[in-house]
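Positions are given from 1, in the same order as the sequence printed here. Please read all numbers here as calculations on a predicted model, not as lab measurements. Just follow the structure's listing: the first ligand is 1, and inside any ligand the first atom is 1. Scope of the values below: all heavy atoms of this structure, side chains included, with no hydrogens, waters or symmetry mates.
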Amino acid sequence: MLSPTELLADLVRIPSVNPMGRTDLPPAITHEGRVTDYLEAQVRLLGVEYRRQPVAPGRDNLVAHYRPPTAPPATLLWEAHQDTVPVDGMTIDPFAAAIEGGKLSGRGACDVKAGIAAMLAAFARLVREQPPGSAAVTVAFTVDEEHTFLGVQELVRGGLAADFAVVAEPTGLDVVTAHKGVARWRTETAGRACHSSRPQDGVSAVYRMARLLAAVEQYADRLAASRPDPVLGPPTLSVGRVLGGTSPNTVPDFCRIDVDRRMLPGESAAAALADFEAAVRRAAPDVPFRSEMALDCPPLAAADHPLVAGLGRAIDAVAGRHSRHAVPYGTDASSIAAAGVPAVVFGPGDIAQAHTEDEWVELDQVERAAEVLFRFARGAGA
Ligand SMILES: [Zn+2]
């Protein structure tokens, strides 16, 4: 079996760019299929039970199981995403996997192929060594984390037979136990189109949206001033895009805003949208509108589970120390936690390197992450 560093180098050399809705990217670098094939070949070599779980055409999660010879004290789920963000503007060869000064560089090196490599190496070592008393481990390498979370949603839809999950993201070998959630919805106003030379004959959806937007801005201000979480801060709302109209000489019959709402633990996307609609309706009662949810990544609340301490002990044994903290970015962990499996985020690398023009990861961290995960599974019954 390959070392974590060898696995990481192979994975970075295989592009798995998430087009994130774009159509201008070459097919030779987009989507996860080539990485899935590679991971499948690796787990097939191990002789374990695995399956490709179809998510979208040509996009599969890969799920593999290690079942120890004796009854396991727990079943762990290790999850990492196969996709990366695009490579525009990168100042290095994104797929060269160059190693220099203890760092491996390339797109996905840090986010999150380093995490895949650590998880797969630790998984392979469990299969090879079969340490007595170890946990059962399911590895799930999912698609589309960087855009619409399709992979993890399909993973949880099938039901998760696990007691505790570790989701790989670059945490610098610390444990992330909480983050905000994200809800995104589209809100539309309608109008009546007519020729712009007789605007009095029509109803402008854009003017309607302008009145609505004034109410939305006030609502966003109130939200930002509302009860802050001591660690995560307040909930927030932002309008990221306005679309409307068809031509300069037509009174527009359509306008749409794309709303991004960051949620605290305890909030749900449905309740956030309902509150938004009620507030906007109060402030602009004469403006008809409709909303449609586009994305729901729930918040992650602090996992209070004995296996959080177990993971912490494994980190301390390998890295000497660790911290538990919250982060501002969202991860697949919250979807897994919402499906009933307590989840934390852990992995090699620094989030500051994710999505950057010269993305890299410290190889020492990748090797240590693999050691941590192996020890965590081995000691899960302690
Ligand atoms: Zn990531």
Could you give the side-chain donor-acceptor pairs of residues 156-173 under 3.5 Å, partners two or more places apart or in another chain?
unit_1 : atom_1 : unit_2 : atom_2 : d
Arg157 : NE     : Glu154 : OE1    : 3.3
Arg157 : NH2    : Glu154 : OE1    : 2.8
Asp163 : OD2    : Thr75  : N      : 2.6
Glu169 : OE2    : His81  : NE2    : 3.2
Thr171 : OG1    : Asp174 : N      : 3.4
Thr171 : OG1    : Asp174 : O      : 2.6
Thr171 : OG1    : Gly347 : N      : 3.0
Thr171 : OG1    : Gly347 : O      : 3.2

Are any of the side-chain nitrogens in Asp253 or Arg192 under 4.0 Å away from the carboxylate oxygens of its partner?
no

Indicate every side-chain donor-acceptor pair of residues 118-137 with a distance under 3.5 Å to a residue at least two apart or in another chain.
unit_1 : atom_1 : unit_2 : atom_2 : d
Arg125 : NE     : Glu129 : OE2    : 3.0
Arg125 : NH1    : Glu371 : OE1    : 2.9
Gln130 : NE2    : Val127 : O      : 3.0

Could you enumerate the protein N, O or S atoms under 2.8 Å from the Zn ion (ligand 1), written like residue then atom name?
His81 NE2, Asp111 OD1, Glu169 OE1, Glu169 OE2

Donor-acceptor contact below 3.5 Å, side chain Glu146 vs main chain Thr84
no

Thr36 and Gln82: side-chain donor and acceptor closer than 3.5 Å?
yes

Tell me every residue that passes side-chain contact (heavy atoms from CB on, under 4.5 Å) with Thr246, counting only those two or more places apart in sequence or in another chain.
Thr250

